[in-house]
Amino acid sequence: MKSLFSNIESKLNISPVDVEITIKEQPKHCWGFRGITGDEVQDLKYKINV
């Protein structure tokens with residue numbers, strides 16, 4: 001998180017006090033890709049932990 005704020009400040013010239021970041025993880029059925037939801041995925045070569 002600190003690195004993200006630092007990059008925003010150095011690359012975009014936006015002070016960290018002017019930025020708010022919220023990260024909220026969602027259950028698998030609330031996100032998707034390739035036209036399916038996360039709980040329908042069966043063929044990935046890597047593990048998804050949510």
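Side chains are part of it too, since the values below use all heavy atoms of this structure and drop only hydrogens, waters and symmetry mates. No experiment lies behind these values; they were computed from the predicted model shown.
- A continuous path of Ile, Leu, Val, Met, Phe, Trp and Tyr side chains, each step under 4.5 Å between heavy atoms, connects F33 with I36, placing both in one hydrophobic cluster.
- In this structure, I21 is a member of the same hydrophobic cluster as I14, with clusters built from ILVMFWY side-chain heavy atoms closer than 4.5 Å.
- Between H29 and T37, the shortest heavy-atom distance links the atoms O-CG2, 4.0 Å.
- Shown here is N13, whose CG atom has no more than 12 heavy atoms of other residues, nucleotides or ligands within 6.0 Å.
- With rounding to the nearest 0.5 angstrom, the CD atom of E25 is 12.5 Å from the SG atom of C30.
- E9 places no side-chain N or O within donor-acceptor distance of the main-chain N or O of S6, the cut-off being under 3.5 Å.
- Taken from OG in S15 to CZ in F5, the straight-line distance is 10.0 Å, to the nearest 0.5 Å.
- Taken to the nearest 0.5 Å, the CG atom of D18 stands 11.0 Å off from the CD1 atom of I8.
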key: Intermediate values then yes/no, side-chain contact (heavy atoms from CB on, under 4.5 Å), M1 and I23   = CA-CA 10 Å; M1 189 61 72; I23 299 173; 3.6 Å; yes
